[in-house]
Structures are given as C-alpha cells and as structure tokens.
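Note on naming: letters A, B, ... go to the chains in the order of the sequence lines (proteins, then strands), and numbering restarts at 1 for each one. In this text, all values refer to a predicted model and were calculated from it rather than measured experimentally.
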2 protein chains.
Amino acid sequence: MQSFTEENYLKIIYHLSENNEGAVQTNAIAEKMQTKAASVTDMLRKLSEKELISYKKYQGAHLTPLGRQTAINVIRKHRLWEVFLVEKLNFKWDEVHDIAEELEHINSPELVERLDEYLAFPKNDPHGDPIPDKNGNFDFVPFIKLSKLKKDDKGLIMGVSEHSSAFLKHLEKLGLTLGKSLTISAINDFDGSVEIIVENKKTSVTREIARHILIRI
Amino acid sequence: MQSFTEENYLKIIYHLSENNEGAVQTNAIAEKMQTKAASVTDMLRKLSEKELISYKKYQGAHLTPLGRQTAINVIRKHRLWEVFLVEKLNFKWDEVHDIAEELEHINSPELVERLDEYLAFPKNDPHGDPIPDKNGNFDFVPFIKLSKLKKDDKGLIMGVSEHSSAFLKHLEKLGLTLGKSLTISAINDFDGSVEIIVENKKTSVTREIARHILIRI
DNA sequence: CTAAATGTTTAGACAAATCTAAAAAAATAA
DNA sequence: TTATTTTTTTAGATTTGTCTAAACATTTAG
Ligand SMILES: [Mn+2]
Ligand SMILES: [Mn+2]
Ligand SMILES: [Mn+2]
Ligand SMILES: [Mn+2]
C-alpha cells in the first residue's frame, strides 16, 4: 500500500509522461508537487526501491507497469468522484477538483466499482477527461487545441487542459462548456485571440485560453 | 486543521466520555487507538496545546467545546457516509464501517451539507446511531439493552452498540435487523441467553450479544 | 572545448507520530 | 500506613516527508 504522498507523486509522474515522451525530470515533478527538488530526489529513490518507477541518478524517472497501474487507478478514482460530485451532488465543474484530490486516496476497490456502476459507467469526467475502466484502459478520443483551428472551422468542445476554478468559471461565463459546438469567425493576427460563435452568440478568447480548450472536429 | 490522527483521537475521547462521565484515561485511549500509552501521552499534550482537550498530567482528558465540536463533526461525516454506502451503493450494514473510517476525514464542509441533503437528512445511520445535524445537535432517542428485558417484554430493534462485521453478519443471519419488532419468549437463568420471537420465528442469542442490541419499548 | 548556467543529488536537520524501556505517580491491598 | 500493583509519563530512538545549503553532474553557449 502507498501513502497519499506516494500516490500523488505517481499521478504527477504519469501526467508528465503523457505529454513529453522520455524520462520525467526531477524539477518538473518538484514544480507540480509544489516542493523542492531535494525532496523529489528522496522520493524517487523510495519509489524506485518499491519498484513503482525506474530511476537512475540524473536520468529522471519512468513508471514501471506497476507504478503506471497505480497511477491510473488514482486517476480513475479522481474522475469518478468528480462525476459523482457534479451529477449527484450538483456541484459545478469548477468546484470539484480539490475535493476529488482528497477522495481519490480512499482505498476500497469495492467502493470504486460500485461508484462506477452507480454512475452508469461514465466515459468522461466533468472536464472531458477520459475515465479509465477497472482494467486501466481508456478510450482515446483524438482532439485538437482550439488555438490550432482556422477561420470558419467548426468543432465541438470536448475537454479542457487546465482545471483551475478561475479558468473554468471564465469559460462558463462565456458559454464555452462541454459539448457546445462552435465556429471560428475570426482569428486576430496581432495577438492570436480567437473570435468564436457559440449558440449564435459571438464571443472571444485569448490565444492562451484557446490553447486549453480541446476540440473535436 | 487537524490531521487524521488527531481527529481519530478526538473521536475516541468523545466516545469514551459518552458512557463514563469524568476524565478519559490514557490507557483507555491507547486500547481504542491500538497504540501505546506513551504515544497517547504525547498526543494528549499536543491536543491540549491546540486547546482541543483539557489535560493535566495523570488526570486524564476532557474535550473542550472546540474539541467536542470537531469530534461530533467527524462522527457526522462517518454516519452520513455510511448511509450513502448502504442507501445508494447497496453495501450491507456490515461492510461500511471501515470505508467510512476513511471517508470521515475528507475535509469539505460543502460536501457534507450536500451529501446530507442528497440523502434527505437522515436521522440515523445503518446501525441506528443518531446523525448529528450541522450544528452538532442530535435527537436523543432513549433505548434499553436487550439484555435488560424480561420474559414477554416486546420491543423494536433500534440500534447496536458493537459494529464488527462478524457481529452484524450474525444478527443478519438471525433476522435481527434494524426496525424489527420482537418479543422475549424466555430467558435462560443458567447462562442468561435470551429466546426471542421475531417475525413469528423463534431464535436465541447469548447474553453477551443481547447486551449489544438496543431496544425501544 | 572550455566556461557558465542549469539541473540534480548529498549532507545534515527538523516535525509528526510512533515505539521500547525505565522512571515516577497514583491507586489498591495487606 | 507501608508495600505492591497499576497507570502514566519521560527519555531516547525510529520512520516518513520535508527543508536549506553545498557539492556535483549535465547541458548550453561562447
Ligand atoms: Mn480534477
Ligand atoms: Mn477532471
Ligand atoms: Mn461505523
Ligand atoms: Mn455506524
């Protein structure tokens, strides 16, 4: 059994290796964990000892199959609890992440399976992220960042890659929520900001925000 | 904010002071916490420092109003989660305690209030224990131990004072579940065992078991 | 290819929660 | 009321996760 801290390290290593291939660096982990590089080094040694990661000094970390499975299980729990909070307890999508950060460490396989069933085996969480099934497999639905679209492109909002409450509240206010379909009416050359039509209303987001909105065409 | 460990100490001190009035002793806490007296002494000093208990060396502990409120809140969460597990996820009454021991430490007042509402403000948990409301008040319903009843007395099972899975499974098998009405058909002088009629079927429990079944007449 | 900058690890310390063994206090019995 | 037993506390270690400061390794630039 792992401590909450170990689970959080594994989860972060998993997310960092999702994007960039290759080894996950000490400093990258330190930043996400909001801790110091020296602490990360200590933990990497420990996780390596437990065969949850492979790690050689100065070479960064890779999850082992066991570490990967552990990380995916934590992510599964996180996302299922987020669905529960939104679907059953009527929380908004910007209110659930921090609570799920706690709930994801509850250790009861039976609870997870029953929760999954109770929620009717959801495929995605309230932010569009895929929920791995009990064997750790998830449907990968391809997406493209809103910032990559061209004028007159159409698409469907299928997720976000930033989960802060401020960001999500902002999207909500603009009507840019999951499942909405949109059309790019213009792209501003100067600052890269994007003009969008959603539900016949015109709105606009900065390039930075557009980078965090995930679209299916 | 308190650690899980501190919360567990407060909860145990609360339960130990429910029955016996007066100060809660170091050894009693050690037994419930499954730890050593020396560890308890350390923790009592710490809780006292935080003004959650009043404590003088060799004199045992008392909860302060703040400590009491904290303990009751943990108990509220424990019992609400047990209701959730039984009512919504179809767990049996003997399966929920250990999971609730983890869930009770989730720290989100908003979550607790929404869960309470979602469950329609239950007054009792699956073991008949009262659930304090958000202000920490609970309806006290008087009860009597089954072991105190006499021949031909009638009553309603309203709770249990022992929560082990083995005990609860045993009651389940005998049909002695919450809300059932029963009649005492005989009491065995020799060993104190009690013969009971529940739903027109005769069954029997030892004196020790009878002590842990709570009855409303 | 050397020098500077960046990234990582080691050394040594600390706080939290625990333990064992021994000392001290309080309760009980003779 | 003294002696014995029980309960509690202290002293000193240990484990986990963290930190700072300094050393070391790797990468990048000149
Ligand atoms: Mn989240
Ligand atoms: Mn999410
Ligand atoms: Mn319980
Ligand atoms: Mn209960």
Side-chain angles (χ1 to χ4, degrees), chain A residues 1-17 19-63 67 70-71 74 101-102 104-105 107, chain B residues 1-13 16-17 19-63 67 70-71 74 101-102 104-105 107:
Chain A
M1 202 23 41
Q2 295 80 225
S3 67
F4 288 16
T5 308
E6 289 170 303
E7 288 189 346
N8 286 333
Y9 270 95
L10 292 173
K11 193 177 56 157
I12 280 168
I13 295 167
Y14 177 86
H15 285 310
L16 288 169
S17 56
N19 314 323
N20 317 7
E21 293 305 305
V24 179
Q25 300 193 108
T26 304
N27 266 352
I29 298 169
E31 191 189 349
K32 292 276 182 194
M33 280 292 291
Q34 309 213 76
T35 187
K36 299 302 154 81
S39 307
V40 174
T41 300
D42 289 343
M43 183 56 81
L44 293 183
R45 199 175 295 107
K46 183 176 166 193
L47 292 173
S48 177
E49 196 62 43
K50 293 192 173 189
E51 306 202 313
L52 292 160
I53 63 170
S54 59
Y55 164 68
K56 286 206 206 78
K57 281 202 273 190
Y58 296 100
Q59 302 300 123
H62 285 278
L63 291 175
T70 306
V74 175
E101 284 294 308
E102 295 189 47
E104 72 188 5
H105 302 292
N107 176 33
Chain B
M1 206 18 47
Q2 296 81 224
S3 67
F4 287 17
T5 308
E6 289 170 300
E7 287 188 347
N8 285 333
Y9 271 94
L10 292 174
K11 193 177 52 157
I12 280 168
I13 295 167
L16 288 170
S17 55
N19 314 324
N20 317 6
E21 293 306 305
V24 179
Q25 299 194 108
T26 303
N27 266 351
I29 298 168
E31 192 191 347
K32 292 277 181 189
M33 280 292 293
Q34 308 212 77
T35 187
K36 299 300 154 79
S39 306
V40 174
T41 301
D42 289 343
M43 183 56 83
L44 293 183
R45 198 175 294 107
K46 184 177 167 193
L47 292 173
S48 177
E49 195 62 44
K50 292 192 172 190
E51 307 202 312
L52 292 159
I53 63 170
S54 59
Y55 165 69
K56 286 205 207 77
K57 280 203 271 189
Y58 296 99
Q59 303 299 122
H62 285 278
L63 291 174
T70 306
V74 175
E101 283 294 308
E102 295 190 47
E104 72 188 5
H105 302 293
N107 175 33

**OP:** Evaluate whether atom CD of B/Glu101 has more than 12 neighbouring non-hydrogen atoms of other residues, nucleotides or ligands under 6.0 angstrom away.
**Re:**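 Enclosed.
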
**OP:** Check the distance between C/dA25's C1' and B/Gln25's CD and give it to me in whole angstrom.
**Re:**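 After rounding, the gap between these two atoms is 13 Å.
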
Subject >> Euclidean distance, atom CD1 of residue A/Ile29 to atom P of C/dT8 [Å, nearest integer] >> reply: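 Between P of C/dT8 and CD1 of A/Ile29: 9 Å.
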
**OP:** Look at the aromatic rings of A/Phe4 and B/Phe4 and report parallel, tilted or perpendicular, splitting at 30° and 60°.
**Re:**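 Perpendicular: the ring planes of A/Phe4 and B/Phe4 meet at over 60°.
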
Original post:
For DNA chain D, whose closest nucleotide is more 5', that of A/Thr35 or that of B/Ser39?
Top reply: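 Checking each residue's closest nucleotide, the 5'-ward one belongs to B/Ser39.
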
**OP:** Would you kindly compare B/Val24 and A/Met33 by the position of their nearest DNA chain D nucleotide and give the one closer to the 5′ end?
**Re:**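 Per heavy-atom nearest nucleotide, the more 5' residue is B/Val24.
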
**OP:** Report the C-alpha separation of B/Glu104 and B/Lys11 in whole Å, then their side-chain angles, then the decisive distance to 0.1 Å, and conclude whether the side chain to side chain contact (heavy atoms under 4.5 Å, CB included) test is met.
**Re:** CA-CA 11 Å; B/Glu104 72 188 5; B/Lys11 193 177 52 157; 2.7 Å; yes

Subject >> Phosphate-side-chain proximity, B/Asn27 and D/dT8, N/O vs OP1/OP2 below 4.0 Å >> reply: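 Indeed, a polar side-chain atom of B/Asn27 lies that close.
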
**OP:** Assign A/Thr26 to base, sugar-phosphate, or nothing according to its heavy-atom contacts below 4.0 angstrom with the strands shown.
**Re:**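 Counting heavy atoms under 4.0 Å across all strands, the contact made by A/Thr26 is with sugar-phosphate only.
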
Subject >> Touch class at under 4.0 angstrom, heavy-atom based, for B/Tyr9 against every strand present >> reply: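 Touches sugar-phosphate only.
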
Subject >> From NZ (B/Lys56) to NE2 (B/His62), nearest 0.5 Å >> reply: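 It comes to 9.0 Å.
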
Kindly give the atom pairs (protein nitrogen or oxygen, nucleotide nitrogen or oxygen) under 3.5 Å for nucleotides 10-14 of chain C.
| from | atom 1 | to | atom 2 | distance (Å) |
| --- | --- | --- | --- | --- |
| C/dT10 | OP1 | A/Lys57 | NZ | 2.8 |
| C/dT10 | OP2 | A/Arg45 | NH2 | 2.0 |

Subject >> Given A/Ile12, A/Val40, A/Asn8, the one that forms side chain to side chain contact (heavy atoms under 4.5 Å, CB included) with A/Lys32 >> reply: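 So, applying the side chain to side chain contact (heavy atoms under 4.5 Å, CB included) to A/Lys32 and each of A/Ile12, A/Val40, A/Asn8, only A/Ile12 qualifies.
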
